Amino acid sequence: MPELPEVETTRRGLLRHVRGRRIQSVLVHEQRLRWPVTPELPTLLSGQLVRAIERRAKYLLLRMPNGTLIVHLGMSGNLRVVRGAQALLPHDHIELQLDSGAALRFNDPRRFGCFLYTTEAPRHHKLLKDLAPEPLTRRFDGEYLHRVTRGRRVAIKSLLLNGRLVTGVGNIYASEALFRARLRPQRQARSLTRAHCTRLVSAIRAVLKSAIRAGGTTLRDYVSAEGAPGYFKQKLYVYERAKLPCRRCRTPVRQLTQGQRSTYYCPQCQR
DNA sequence: ACGCCCTCCTGTTGGC
DNA sequence: TGCCAACAGGAGGGCG
């Protein structure tokens, strides 16, 4: 579910309610996530101040004096701030009770998300150390994308989902960025010229920024930390629009499967 | 090194 | 109405 815009929207929603708060207690209702939640989590977190909430790719980092909580929302996860004694919902797996009286709840039906605590610098953590540059920084530019696509026979759409080469882009925004860059998703990555790469980087940055402004994309169940859906779905050009007219040229949008994931594109606009 | 495929899970949807 | 297969926003890991 959540790609960079949804994770960033969650981060921003958490800031006002969680940053600067102390964790009073921790309840783990389900420890079987993508990786098992350590039984020590309550001991490790209780009493700690949440100093900062950062994002690296699709990971949220809650920085505390003694370490960092690394959270990934997987396909179906969300982090919500609830006031007081709200009833527990199905799949509310972890709750951090704050000194404000509010609580942070991690809900994840499919349990592909993770909730890990580390005392090492997050950038050295196994899950983060090999990630590509942040897509909204200057390190991610046309020259970079051109360099990492050299010699790669994989379809450009699939390459966009490889977090070691490009981060933050998931299945929705990969199709959307390629539409905006007017590039066919099936093209071998190595066929992209430097100019194509510049165009594609611009398209990725634009679609991610635009989606952040819209509060992310809610297809089915994504909600922000404050429970609000994102409304970028209204601005999607191709994703989940198979057979519907392209919003630019009216040609029916096509759907195909690449690497067991659905891809959408306009055969007229994208070459 | 690269690229493909499987896997982890639950919930929803669409076809028969 | 019921059943069942297909599919869903991620990404690590294993294999050839």
Side-chain angles (χ1 to χ4, degrees), chain A residues 1-10 29-37 55-60 70-79 89-94 106-116 125-132 135 147-178 185-191 204 207-208 211-212 214-224 229-236 238-243 255-264:
Chain A
M1 149 218 331
E3 305 180 35
L4 185 151
E6 294 73 38
V7 177
E8 178 62 18
T9 299
T10 297
H29 305 295
E30 175 57 79
Q31 62 179 47
R32 296 171 301 168
L33 303 182
R34 178 70 169 84
W35 288 283
V37 178
R55 181 187 54 71
R56 174 73 177 99
K58 300 174 193 171
Y59 291 90
L60 283 168
I70 301 175
V71 179
H72 197 290
L73 303 178
M75 288 276 265
S76 58
N78 65 57
L79 272 177
L89 298 172
H91 311 295
D92 275 345
H93 302 315
I94 301 178
F106 177 68
N107 183 289
D108 184 10
R110 293 176 75 178
R111 292 192 272 120
F112 291 169
C114 71
F115 224 86
L116 300 170
H125 190 276
K126 183 189 174 198
L127 294 177
L128 307 187
K129 66 183 174 58
D130 295 320
L131 290 172
R147 176 159 46 84
V148 302
T149 50
R150 291 314 82 194
R152 298 229 173 213
R153 297 169 181 270
V154 71
I156 184 60
K157 155 62 162 38
S158 296
L159 184 138
L160 293 181
L161 301 181
N162 179 345
R164 290 167 184 260
L165 302 179
V166 178
T167 66
V169 178
N171 210 37
I172 299 177
Y173 301 114
S175 283
E176 293 298 309
L178 288 164
Q186 304 94 316
R187 284 183 74 128
Q188 289 193 342
R190 64 176 186 172
S191 78
I204 290 168
V207 75
L208 294 178
I212 291 169
T217 301
T218 298
L219 290 177
R220 287 164 258 282
D221 50 21
Y222 168 77
V223 289
S224 72
Y231 53 91
F232 195 72
K233 185 175 184 195
Q234 299 161 237
K235 301 191 179 179
L236 296 176
V238 288
Y239 191 81
E240 282 197 338
R241 288 181 49 81
K243 299 181 183 173
Q255 176 175 7
L256 73 151
T257 299
Q258 296 179 290
Q260 293 103 243
R261 324 277 322 260
S262 281
T263 301
Y264 302 83

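Every value quoted in this text rests on a predicted model; they were computed, and no experiment measured them. Because only heavy atoms are used, hydrogens play no part in the values below, and waters and symmetry mates are left out as well, while side chains stay in. Proteins get letters first, then strands, A, B, ... in listed order; numbering begins at 1 in each.
- For CZ of Arg153(A), the number of neighbouring non-hydrogen atoms (other residues, nucleotides, ligands) closer than 6.0 Å is 12 at most.
- Taking the side chain to side chain contact (heavy atoms under 4.5 Å, CB included) definition, one finds that Arg220(A) meets it with Glu240(A), sequence neighbours left out.
- Nearest nucleotide to the side chain of Gln255(A), out of dC4(B), dG10(C), dA8(C): dA8(C).
- As a whole-Å value, the separation of Arg150(A) CZ from dA1(B) C1' is 17 Å.
- For the pair Trp35(A) CH2 and dC9(B) C1', the computed distance is 14 Å after rounding to whole Å.
- With Glu3(A) contributing its side chain and Ile172(A) its backbone, the two residues share a donor-acceptor pair below 3.5 Å.
- No donor-acceptor pair closer than 3.5 Å links the side chain of Thr167(A) to the backbone N or O of Gly163(A).
- Here the C1' atom of nucleotide dA11(C) and the CG atom of Leu33(A) are 15 Å apart, to the nearest Å.
- Using a 4.0 Å heavy-atom distance criterion, Ser158(A) is classed as making no nucleic acid contact.
- Evaluated for a side-chain contact (heavy atoms from CB on, under 4.5 Å) with Phe232(A), the options Val207(A), Ile212(A), Leu219(A) yield exactly one hit, Val207(A).
- Atom P of dT7(B) sits at a distance of 16 Å from the matching atom of dA5(C), rounded to the whole Å.
- If you check every strand for non-hydrogen atoms under 4.0 Å, Tyr59(A) touches sugar and phosphate atoms only.
- Within 4.0 Å of Gly170(A), counting heavy atoms only, lie sugar-phosphate atoms of the nucleic acid but no base atom.
- Closest to the side chain of Lys58(A), out of dG10(C), dG13(C), dG12(C), is dG10(C).
- Minimum atom distance to the side chain of Arg152(A) is reached by dC2(B), of the listed dC6(B), dC9(B), dC2(B).
- Heavy atoms only, all atoms of each residue included: Val7(A) and Pro2(A) are closest at CG2-CB, 4.1 Å.
- Counted by atom type alone, Ser262(A) and Gln255(A) present one or more donor-acceptor pairs between their side chains at under 3.5 Å.
- If you take CG of Leu160(A) and C1' of dA11(C), they are 15 Å apart, rounded to a whole angstrom.
- The CG-C1' distance, from Leu159(A) to dC2(B), rounds to 11 Å in whole Å.
- Atom CG of Leu131(A) and atom C1' of dG12(C) are 12 Å apart (whole Å).
- Stacking of Phe112(A) onto the six-membered ring of dG10(C) is present: less than 5.5 angstrom between centres, less than 30° between planes.
- Rounded to an integer number of Å, the gap from Gln188(A) CD to dC4(B) C1' is 14 Å.
- No more than 12 heavy atoms of other residues, nucleotides or ligands sit less than 6.0 Å from atom CZ of Arg32(A).
- dA6(C) and dC6(B) have their P atoms separated by 13 Å, given to the nearest Å.
- The backbone N or O of Thr217(A) lies less than 3.5 Å from a partner atom in the side chain of Glu6(A), making a donor-acceptor pair.
- Between dG3(B) and Lys157(A), no contact under 4.0 Å exists linking OP1 or OP2 to a side-chain N or O.
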Item checked: Nucleotide-level pairing of DNA chain B, given in dot-bracket where Watson-Crick and G-U pairs need both distances under 3.5 Å and | marks other strands -> .|||||||.|||||||
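- Trp35(A) has its side chain within reach of Leu127(A): a pair of non-hydrogen atoms, C-beta onward, lies under 4.5 Å apart.
- As judged by a 4.0 angstrom heavy-atom cut-off over every strand, Lys126(A) is placed among residues touching the sugar-phosphate backbone only.
- With distances taken from any side-chain atom of Asn171(A) to the nucleotides dA8(C), dG10(C), dG3(B), the minimum falls on dG10(C).
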Item checked: Sequence-aligned protein contact record of nucleotides 10-16 of chain B, with B where the base is within under 4.0 Å of a protein heavy atom and S where only the sugar-phosphate is -> BS-----
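- In this structure, Asp108(A) places its CG atom 18 Å from P of dA8(C), rounding to the nearest Å.
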